[in-house]
Amino acid sequence: MVRFANVTKRYGPLTVLDALNLDVNQNEIVSIIGPSGSGKTTVLRMLMTLEEIDDGVIYVDGTPLTHMERGDELVRANNAHLRQMRSNVGMVFQHFNLFPHMTALQNCMEAPVRVLRLSKEEARHRASELLEMVGLADKIDQHPSRLSGGQQQRVAIARALAMRPKVMLFDEVTSALDPEVIGEVLNVIRQLAGEHSLTMLMVTHQMGFAREISDRVCFFYAGNIAEQGSPDQLFGNPENERTRQFLSAVLDAG
Amino acid sequence: MFDWKWDFAFEILPRLLWATLNTLLAAGIGYGIALVVGLVFALAQRTGNRPLTIMVRECVEFIRSTPLVLQIFFVFYVGPQIGIVLSPWTAGMIAIGLHYASYLSEVYRGGLDNVPKGQWEACKALNLSPTDTYFRIIIPQALPPSIPGMGNYLVGIFKDTPMLSVIAVAELMHAAIAVGSEHYRYLEPYTLVGVIFLAISLPTAFGVRWFERWVRQSLGMGKQHEN
Ligand SMILES: Nc1ncnc2c1ncn2[C@@H]1O[C@H](COP(=O)(O)OP(=O)(O)OP(=O)(O)O)[C@@H](O)[C@H]1O
Ligand SMILES: [Mg+2]
């Protein structure tokens, strides 16, 4: 479903992703863990086309994300192609990024109406179903400023789902939350994971949660995958020394 | 101390009030132009097109650092020499509109810069078009913090309309000068001009403050931005 082929990303002299190769199958749930600065967020941001690619190709559903095939060559994609490809991917941010001047419902209706050209009725129907699914049926007419962090993040998940993406990206979606509301957000993700009808890439510091819901866990180190495997294998019996160090540091701290 | 004449003041008041309508009209039209053109200036600097950005920024800088009265003269008297003949009203509206557009573009720019980066990223992640991103998401958030600055320039443009008298636009100042020179009395007309300006400026300033609160509330935003 998603394939990173030798993807390199640099910020000036700093190489953040170094010829990264990563394959994610349809409906697979992949967690990305690793130390700060190892490039975890960058992977998601590139897949969401928020960052440009310096080298290599990302494929989504077999089609190059930011390139177009012209003859035998791959050339930089135009806007139409980018918008087409972007519709496959949805993202949930650490800081929610809800639209503050819109209610929860309006947040979830905006893009379906403007981008997918759904009728207001259809969009409202879809949005309220999703808000109900994330447990916010009674909050649909509230503005974000009236919602708790956990509630805002659940609206943000509903908003992304309303676009019916094939791939969902979660970037440390509980890191900005108070401990007591983390559970309600994880529950929503757990429920999505249980349906297994969505490809999910999740950057997280919640090791227990990653172990519980992932099909596969990737340990990032210095812009590349140092080790990957099933949760039981990676958490239970890590082979790489760096993985072991990281896990023991995280588990000690937690 | 002064020999203020009430009967003279009352005699000229209707004429001055009529002229005030022109002043309000001039301020209104000028401000309308400034609101729209200012937004165009601000957005043009964000297109990512370097030459356009630099050109607009230099224009704005140029307009902001030369006196309005010079710009009014320039449009009105230099225009005809290159074949553009404009009526005093048209020339005046162009000059004052562009002048304040330059100031307002800076206000808008500040407002736009104030919108968190995450909002742009959310728009992109949701695949909103650039137009929808600006007009549905970014500008509504840039607006409330811009209102105090926009309000200041509304009062500013109103107070600057007397400069249009230099090209004989029949606004309040022009009428006062005319009344004064007809009767050889300046105390009453100029005092009345001052009172009329004050009577309009003060409520406007209050109105702007009230309007800001109202906009914030109707957009569901508190005093501060959320994220
Ligand atoms: N816009 C940018 N300009 C310059 N450097 C950047 C930029 N964005 C990220 N970086 C750098 O790229 C590296 C990887 O960043 P990234 O955000 O992907 O790390 P991360 O693994 O998500 O870390 P964290 O766990 O702290 O979120 C870091 O060294 C970071 O400083
Ligand atoms: Mg990160």
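First the proteins, then the strands, lettered A, B, ... as listed; each starts at 1. Just so we're clear, the structure is a prediction, and the values are computed from it rather than from any experiment.
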*Asks:* So how far is it from Met48(A) CE to Asn127(B) CG, rounded to the nearest 0.5 Å?
*Replies:* 7.0 Å
*Asks:* Kindly check if the number of other-residue, nucleotide or ligand heavy atoms within 6.0 Å of CD (Glu180(A)) is above 12?
*Replies:* yes
*Asks:* Would you say CZ of Arg164(A) has more than 12 non-hydrogen atoms from neighbouring residues, nucleotides or ligands within 6.0 angstrom?
*Replies:* no
*Asks:* Please state whether the side chain, the backbone, both or neither of Asp132(B) comes within less than 4.5 Å of a heavy atom of chain A.
*Replies:* side chain
*Asks:* At a 4.5 Å cut-off on heavy atoms, which part of Thr49(A) comes close to chain B: side chain, backbone, both, or neither?
*Replies:* both
*Asks:* Does the side chain of Ser129(B) come within less than 4.5 Å of Arg114(A)'s, by heavy atoms?
*Replies:* no
*Asks:* Sort Val115(A) into side chain, backbone, both or neither according to what part of it lies under 4.5 angstrom from a heavy atom of chain B.
*Replies:* side chain
*Asks:* What are the two closest heavy atoms between Ala125(B) and Phe93(A), and how far apart are they?
*Replies:* CB-CZ, 4.0 Å
*Asks:* Which residue out of Met91(A), Met163(A), Arg159(A) racks up the most heavy-atom pairs below 4.5 Å with chain B?
*Replies:* Arg159(A)
*Asks:* Can you establish whether the number of heavy atoms outside Arg64(B) located under 6.0 Å from its atom CZ is more than 12?
*Replies:* yes
*Asks:* Please report the interatomic distance CD1(Ile137(B)) to NE2(His101(A)), rounded to the nearest 0.5 Å.
*Replies:* 4.5 Å
*Asks:* Taking the side chain as C-beta and beyond, is there a heavy-atom pair between Met102(A) and Pro140(B) under 4.5 Å?
*Replies:* no
*Asks:* Does Arg10(A) CZ have over 12 foreign heavy atoms under 6.0 Å away?
*Replies:* yes
*Asks:* Would you check if the side chain of Lys124(B) reaches a backbone N or O of Leu50(A) as a donor-acceptor pair within less than 3.5 Å?
*Replies:* no
